[in-house]
Q: 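Quick one: structure below, then a few questions.
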Amino acid sequence: MKTIFGLVDCNNFYVSCERVFNPKLEEKPVIVLSNNDGCVVARSDEVKALGVKMGIPVFKCKDLIKKHRIHVYSSNYALYGDMSQRVMDTLAQFTPDLEIYSIDEAFLSLSGFTSLNLTQYGKHIKNTIKKWTGIPVSIGIGPTKTLAKVANHIAKKNPQFEGVFDITEHPQIDVLLDSIEVADVWGIGYQYSQFLNQNGIYTALQLKNAPDKWIKKHLTVVGLRTVDELRGISCIPLEQVAPPKKGIISSLSFGRPVETLAELKEAVATYVSRAAEKLRSQKSVASCVHVFLTTNRFKDEPQYSNYATFWLPIPTAYTPDLIHYAHQNLGKMFKPGYRYKKAGIMLTGILSQQQVQLNLITPSYHPSREKILMKTIDQINARWGSDTVKYAVAGIQRLWKMRQSKKSPRFTTHWKEIPVVRTSF
DNA sequence: TCTGGGGTCCTAGGACCC
DNA sequence: TCTGGGGTCCTAGGACCC
């Protein structure tokens with residue numbers, strides 16, 4: 001059976017989420033900012049047309065924001081996560097063969113639907129998602145994931161396709177590939193595109209026709225896979241079940257410079273709690289804790305950054321132990337006299353709880369009283385909202401917390417913030 | 001004043017072993 | 001004057017993705 005992939009990609013996802021609950025934003029320029037209100041991470045089409053680039057710091061486009069009255073929002077992950085879930089649930093109605101690739105993208109297998117007109121079917125999917133969730137999507141269809149990505153790109157750039165493009169229906173795929181810049185190919189980032197340009201390769205077609213040996217030498221086997229996928233040879237399969245994470249990172253920039261060890265300890269304890277929660281949700285334990293901290297590299301002031309790694313005596317998912325070791329590491333690295341901008345932790349050496357070898361001398365996390373305690377806390381926090389139960393060492397005031405000055409309400413996940421349609425009759 | 005956060009995979013090189 | 005070679009494991013760094 002011929003494999004056919006569909007790639008469903010939400011248009012300007014974060015902006016679209018804001019628009020669902022605030023229709024006045026339709027056809028207006030809108031941007032959504034990263035954590036700490038730092039960079040532009042989502043732009044409406046109107047903003048893209050103004051030339052605001054993805055990822056630029058917001059202070060660099062202050063004038064444009066003012067001049068064009070761009071609506072600015074802080075990231076509202078509670079809202080985006082919930083809207084993403086709704087989109088994915090809708091998609092799951094159409095096929096069981098679904099890979100949730102990111103918060104706003106999913107690959108699906110259309111191999112079983114080849115008797116249908118796939119473009120028509122894609123439009124049906126697209127319209128249903130719009131109707132059920134309010135989110136506009138584009139759909140690309142192709143014989144490999146990379147070509148489905150290309151098709152999606154074409155669907156987005158050319159309004160005449162109404163958001164759905166099936167590359168296999170095009171008689172001359174090479175003509176299409178010749179119109180795609182090599183930097184727009186999935187898997188070709190900034191460094192590789194610079195390198196390829198220097199070597200006379202500017203389009204997806206030229207990349208497709210590059211010699212295998214040369215590609216493998218300079219872009220590794222990963223690059224070669226991309227090239228084969230452009231040729232129509234499917235090398236990247238659909239991954240329906242997300243593999244457990246091999247590393248869990250939790251880090252955030254501070255809302256203001258932090259100078260005391262006490263505050264850094266609060267932040268680190270907060271990050272560890274979050275990471276450990278994720279760790280437990282995939283039924284894993286970690287063997288290794290890394291802690292890092294750094295000053296603001298953009299500032300002209302004394303710089304210091306460092307990290308430390310600690311192997312745990314036994315792999316665990318018990319937050320108090322993880323916090324203890326993280327704090328020990330932090331204490332070793334901390335140097336007074338610096339203005340710290342960011343700290344974070346990473347859990348690695350991740351094993352499944354079952355898989356951990358039972359050690360006859362030291363007690364293991366699974367099963368244990370600690371595990372039951374963690375489970376109870378996780379359940380309370382899942383039901384009543386995160387941080388309902390938290391660790392005192394994680395701080396109460398949390399003055400270092402990030403800024404989010406322009407956040408929209410959590411319309412769909414918090415009772416107090418649900419939109420009110422009518423207050424009286 | 002203000003520059004995100006969380007992941008994956010691959011390769012090269014060093015340590016160590018037989 | 002001679003100073004092997006191959007395999008494995010680990011880590012750091014660099015590329016990519018959203």
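Below, each value reflects all heavy atoms present in this structure, side chains not excepted, and no hydrogens, waters or symmetry copies. Protein chains get the first letters and strands the later ones, always in sequence-line order, with residue 1 at the start of each.
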Q: Given atom CE of A:M346 and atom P of B:dT8, what is their separation to the nearest angstrom?
A: 10 Å
Q: How many Å lie between CE on A:M54 and P on C:dC17, as a whole number?
A: 12 Å
Q: For A:V222, which contact category applies under a 4.0 Å heavy-atom criterion: base, sugar-phosphate, or nothing?
A: sugar-phosphate
Q: Under the rule for salt bridge (Lys or Arg N to Asp or Glu O under 4.0 Å), what residues qualify as partners of A:R86, not counting sequence neighbours?
A: A:D82
Q: Please work out which residues in residues 318-326 of chain A have a non-hydrogen atom less than 4.0 Å from an atom of DNA chain C and list them by number.
A: none
Q: Does a donor on one side chain sit under 3.5 Å from an acceptor on the other, for A:T295 and A:R339?
A: no
Q: Considering every strand and a 4.0 Å limit on heavy-atom distances, what is the contact class for A:S75: base, sugar-phosphate, or nothing?
A: nothing
Q: Could you say whether A:I249 or A:Y77 is positioned toward the 5' end of DNA chain B, judged by the nucleotide with the nearest heavy atom to each?
A: A:Y77
Q: Would you call A:K156 and A:D9 a salt bridge, taking side-chain N to carboxylate O under 4.0 Å as the test?
A: yes
Q: For residues 219-233 of chain A, pull every pair meeting side-chain hydrogen bond (donor to acceptor under 3.5 Å, both in side chains), keeping only residues two or more places apart or in separate chains.
A: A:T146-A:E229, A:D212-A:R231, A:D228-A:R231
Q: If you look at every strand shown and take non-hydrogen atoms under 4.0 Å, does A:G344 touch a base, only sugar-phosphate, or nothing?
A: nothing
Q: If you look at every strand shown and take non-hydrogen atoms under 4.0 Å, does A:L33 touch a base, only sugar-phosphate, or nothing?
A: nothing
Q: Of all residues at least two apart in sequence or in a different chain, which pass the side-chain hydrogen bond (donor to acceptor under 3.5 Å, both in side chains) check with A:D378?
A: A:R280
Q: Checking contacts here: which listed nucleotide (B:dG6, B:dT1, C:dC18) is nearest the side-chain heavy atoms of A:K149?
A: C:dC18
Q: Can you name the side chain to side chain contact (heavy atoms under 4.5 Å, CB included) partners of A:N329, sequence neighbours left out?
A: A:V291, A:A308, A:F310, A:K332
Q: Using 30° and 60° as the class limits, which term best fits the ring planes of A:Y80 and A:Y14: parallel, tilted or perpendicular?
A: parallel
Q: Do the ring planes of A:F195 and A:H218 sit parallel (below 30°), tilted (30 to 60°) or perpendicular (above 60°)?
A: tilted
Q: Do any pairs count as a side-chain hydrogen bond (donor to acceptor under 3.5 Å, both in side chains) and have a residue in residues 176-196 of chain A, sequence neighbours left out, and if so which ones?
A: A:Y101-A:W186, A:D178-A:T203
Q: Does A:S251 put a side-chain nitrogen or oxygen below 4.0 Å from OP1 or OP2 of B:dG6?
A: yes
Q: From CG of A:L279 over to C1' of B:dG7, roughly how many Å is that when rounded to an integer?
A: 15 Å
Q: Quick one: list whatever passes ring pair (Phe, Tyr, Trp, His ring centres under 6.0 Å) with A:F113, sequence neighbours left out.
A: A:Y121
Q: Base, sugar-phosphate, or nothing: which does A:K341 touch, judged by heavy atoms less than 4.0 Å apart?
A: sugar-phosphate
Q: Once you round it to whole Å, what is the distance between P of C:dC17 and CG of A:N152?
A: 15 Å
Q: Could you tell me whether A:K217 contacts a base, only the sugar-phosphate backbone, or nothing, with contacts defined as non-hydrogen atoms closer than 4.0 Å?
A: nothing
Q: In whole Å, I'd like the distance from the CZ atom of A:F59 to the C1' atom of B:dG4.
A: 14 Å
Q: Under 4.0 Å between any heavy atoms, over every strand shown, what does A:D104 touch: base, sugar-phosphate, or nothing? Just pick one.
A: sugar-phosphate
Q: As a test of your reading of the structure, name each stem of DNA chain B as range with range, where a stem is three or more consecutive Watson-Crick or G-U pairs at under 3.5 Å.
A: B:5-18 with C:5-18
Q: Does either side chain, that of A:Q354 or that of A:K283, offer a donor lying less than 3.5 Å from an acceptor on the other one?
A: no
Q: Within the pair A:R225 and B:dC9, is there a side-chain N or O less than 4.0 Å away from OP1 or OP2?
A: no
Q: Which nucleotide in the set B:dT8, B:dG6, B:dC10 lies at the smallest distance from any side-chain heavy atom of A:K246?
A: B:dT8
Q: Which pairs with one or both residues in residues 45-55 of chain A pass salt bridge (Lys or Arg N to Asp or Glu O under 4.0 Å), sequence neighbours excluded?
A: A:R19-A:E46
Q: Just jot down the side-chain hydrogen bond (donor to acceptor under 3.5 Å, both in side chains) partners of A:S281, sequence neighbours excluded, or say none.
A: none
Q: Looking at A:E99 and A:K145, does any basic side-chain N land under 4.0 Å from a carboxylate oxygen?
A: yes
Q: Calculate the interatomic distance between A:R297 atom CZ and B:dT3 atom P; express it in whole Å.
A: 10 Å
Q: What nucleotide, of B:dT3, B:dG5, C:dC18, holds the atom closest to the side chain of A:C39?
A: B:dT3
Q: Among residues 83-103 of chain A, which residues get a heavy atom nearer than 4.0 Å to DNA chain C?
A: A:Y101, A:S102
Q: With a cut-off of less than 4.0 Å, is there a side-chain N or O of A:R274 near OP1 or OP2 of B:dG6?
A: yes
Q: Which residue, A:K216 or A:R339, contacts DNA chain B at a nucleotide closer to its 5' end, judged by nearest heavy atom?
A: A:R339
Q: Over how many whole Å does the gap from A:K342 atom NZ to B:dC2 atom C1' extend?
A: 15 Å
Q: Could you give the NZ-to-C1' distance, from A:K245 to C:dC17, as a whole number of Å?
A: 13 Å
Q: What pairs of nitrogen or oxygen atoms, one from the protein and one from nucleotides 11-16 of chain C, lie under 3.5 Å apart?
A:
unit_1	atom_1	unit_2	atom_2	d
C:dC16	OP1	A:G189	N	3.0
C:dC16	OP1	A:G189	O	3.1
C:dC16	OP1	A:Y190	N	3.4
C:dC16	OP1	A:Q191	N	3.2
C:dC16	OP1	A:Y192	N	2.7
C:dC16	OP2	A:Q191	N	3.3
C:dC16	O3'	A:G187	O	3.4

Q: Pick one: which of A:N36, A:N35, A:D37 meets side-chain hydrogen bond (donor to acceptor under 3.5 Å, both in side chains) with A:S74?
A: A:D37
Q: Would you say the side-chain atoms of A:N11 and A:S16 include a donor-acceptor pair closer than 3.5 Å?
A: no
